[in-house]
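Below is one structure; the comments refer to it alone.
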Amino acid sequence: MARKMEDDKKMREWCREIPKIELHAHLNGSIRDSTLLELARGLGENGIIVLEDVEPVILKSSRTLPECFELFDLYHIIATDHSTVTRITKEVVEDFASENVIYLELRTTPKHNEAKGMTKDSYMKAVMQGLNNVDEVEVVLNSTQTSSNEEPETVINSFGNEIKQTRKIHVRILLSIDRRQTTESAMETVDLALKLRDSGVVGIDLSGNPVVGQWSTFLPALKYAKEQGLSVTLHCGEVPNQEEIQAMLEFQPERVGHACCLDDSHWKLLKSSKIPVEICLTSNVRTECVSSLDDHHFADLYNEMHPMAICTDDCGLFSTSLSHEYYIAGTTFGLSRDELYDFAKNAVKLSFVEDKVKKELLKIFDSYKR
Ligand code: IMP
Ligand code: ZN
C-alpha cells in the first residue's frame, strides 16, 4: 500500500516535471480559485452579485454541470473589467509555466460591453497587457522576438540528464467565437484576429453553449478565417447534433475539440480524415459528454494512432491541471512513461505555431529525454 502511494506520488511528480504543450485552454475558465473568490467577494461588496449564492460553488473542488454554468455566468461579469482581464491573463500564463508547459495556445472570446467602455479591441489590449506583465517567466509571442540574455540554469532531470532550464513559455492566442454571436459579430472577431496576427494571434475557435446557435450562422466567418490563412478549431460533438457534426467534419478544421457524441458514420469520417482531436478528459466527464473515464474515446483513438493532444479545457472551472490530465491519461489507459512522453512530444506537431518554433519545441523534448 505504502509502495503504491509512493509510486503514485512519483508518477504525479513526473507528469508535472516533463515538458508539455497545451492546445485547448479557455482564458476565463482557467482563473485560479483564489482569484475567483477574491473577485467575487469584491463584486458581492459592491452589490453586483449575491456572494452567498456563488461562494459555496467556488469553494467546491468538484462541481456539477449546472454549477459549472453558474460559474461561467460569473466569469462573464468578472471579465468586463480591463484590469481584471489583464490580471487573469498574467496569472493563467504563470500557472501553466509553473507546471512546465513550454507552449500554450490560449483561447478567449473578445468581449464587448458598452456600459463598461469595453470593446473587443480593448478587451484584447487588456489580454496583451497581461502577457506583457508576466514576470515569473519569459513570454515569447512570435518567432522574431529576441530572447533575454539570461543564462539558463543547469539541472539534472528525472531521466538523469543534465539540461539547461530556460524559464520561457511560447504563447499563441486563438480568438473564440461564442455560439450566441451573430454572423456579423463573428466576422468582427475574425477581422480582429487578422489585425492581431503580429501580436501572437494564430487562429479562431468556435465555442460556447453547444445547444445554442446554428452552424450556418458561424460558417461565413469560419470560411473567411480559413481563406485568410488563420487556423481554425471547433468544439465538435459535445452534444449529439449529428447534422452539425457532419457539417463541421466536412468543413475540415485543422483540429476539433472533444468529439464525444459522434455516431458510427461520423466516427469513421473523423478517423479517415485524421483531423486531430483536443482531448479534455476531466472536462468531458464533468460535463457528462462521456459517462466515465473508462468509457472515454481516448483509448479507441490512441489504439488507432489518431492524432490527439491532452488538454485541460478549463483548469479553474474543473479544478484540474495539465499535469493531472497526463496523470489520469497514463493511469486510466495504462500508458507507460515512454508512451506518455512521446504523446506529449507529438502535440507539438498539432499546434498552430510557426515551423521554426515547432523545431525549437521538439529540440526541448529531445534534450530532456536522451
Ligand atoms: P473566455 O472565452 O476566455 O471568456 O473563456 C470562457 C468561455 O469559453 C465560456 O464562456 C464559454 O463560451 C467557452 N467555454 C469554456 N469551456 C467550454 C466548454 O466546455 N464547451 C463550450 N464552450 C466552453
Ligand atoms: Zn473548450
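Just so you know, ligand 1 is whichever comes first in the structure, and atom 1 is the first atom listed for that ligand. Numbers here simply count residues along the sequence, with the first being 1.
Below 3.5 Å of separation, one finds no N or O of Ser176 facing any N or O of ligand 1. Remark: ligand 1 and Glu238 share an N or O pair separated by less than 3.5 Å (distance only, no angle test). Distances between N or O atoms of Thr108 and those of ligand 1 include at least one value under 3.5 Å. Close N/O approach between Gly208 and ligand 1 is found [any backbone or side-chain N/O within under 3.5 Å]. For a threshold of 3.5 Å applied to N or O pairs, the pair formed by Thr109 and ligand 1 contains at least one separation below that value.
Ligand 1 places these atoms under 4.0 Å from at least one heavy atom of Asp314: 15 (C), 16 (N), 17 (C). Listed by number with element, the atoms of ligand 1 under 4.0 Å from a non-hydrogen atom of Leu27 are 3 (O). Atoms of ligand 1 found under 4.0 Å from any heavy atom of Lys111, numbered from 1 in the order shown, are 1 (P), 2 (O), 4 (O). Atoms of ligand 1 found under 4.0 Å from any heavy atom of His235, numbered from 1 in the order shown, are 20 (N), 21 (C). For ligand 1 and Asn28, the ligand atoms under 4.0 Å from any heavy atom of the residue are 1 (P), 3 (O), 4 (O), 5 (O).
Although no hydrogens or angles enter the test, the distance criterion places no donor-acceptor pair under 3.5 Å between the side chain of Ser122 and the main chain of Met118. A donor-acceptor pair under 3.5 Å is absent between the side-chain atoms of His26 and the main chain of Arg107, judged by distance alone. Checking side-chain atoms of Thr183 against main-chain N and O of Thr217 turns up a donor-acceptor pair under 3.5 Å. For Arg172 (side chain) and Val202 (main-chain N/O), no donor-acceptor pair under 3.5 Å exists by modelled atom type.
When all heavy atoms of Ala221 and Val190 are compared, the pair lying nearest together is O-CG2, 3.5 Å. Scanning both residues, Ser30 and Asp314, for their nearest heavy atoms gives OG-CA, 4.5 Å.
Rounding to the nearest 0.5 Å gives a distance of 10.5 Å between CD1 of Ile310 and CD of Glu22.
Between Phe298 and Phe343, the distance separating the two ring centers is shorter than 6.0 angstrom. In this structure, His297 has its ring center at least 6.0 angstrom away from the ring center of His306.
With no hydrogens or angles considered, a side-chain donor-acceptor pair links Tyr368 and Glu17 at under 3.5 Å.
Under 4.0 Å is where a charged nitrogen must lie from a carboxylate oxygen, and between Asp8 and Arg12 at least one such pair does.
Ranking the protein heavy atoms by distance from atom 8 (O) of ligand 1 puts His26 ND1, 3.0 Å first. Among protein heavy atoms, atom 10 (O) of ligand 1 sits closest to His76 NE2, 3.0 Å. Shortest contact from atom 19 (O) of ligand 1 to any protein heavy atom: Asp313 OD2, 3.1 Å.
Heavy atoms of Phe72 approach ligand 1 to within less than 4.0 angstrom. Not a single heavy atom of Thr287 sits under 4.0 Å from any atom of ligand 1. Between Arg179 and ligand 1 there is no heavy-atom distance shorter than 4.0 Å.
Proximity of Leu317 to ligand 1, defined as any heavy-atom pair under 4.0 Å, is not found for any part of the residue.
Residues Leu106 and Phe352 fall into different hydrophobic clusters, defined by Ile, Leu, Val, Met, Phe, Trp and Tyr side chains chained together at heavy-atom separations under 4.5 Å.
With a 6.0 Å radius and a threshold of 12 heavy atoms from other residues, nucleotides or ligands, Lys349 has its NZ atom at or below the threshold.
With sequence neighbours excluded, no residue forms a salt bridge (charged side-chain N to carboxylate O under 4.0 Å, His left out) with Glu288.
Among protein atoms, those of element N, O or S found less than 2.8 Å away from the Zn ion (ligand 2) are His24 NE2, His26 NE2, His235 NE2, Asp313 OD1.
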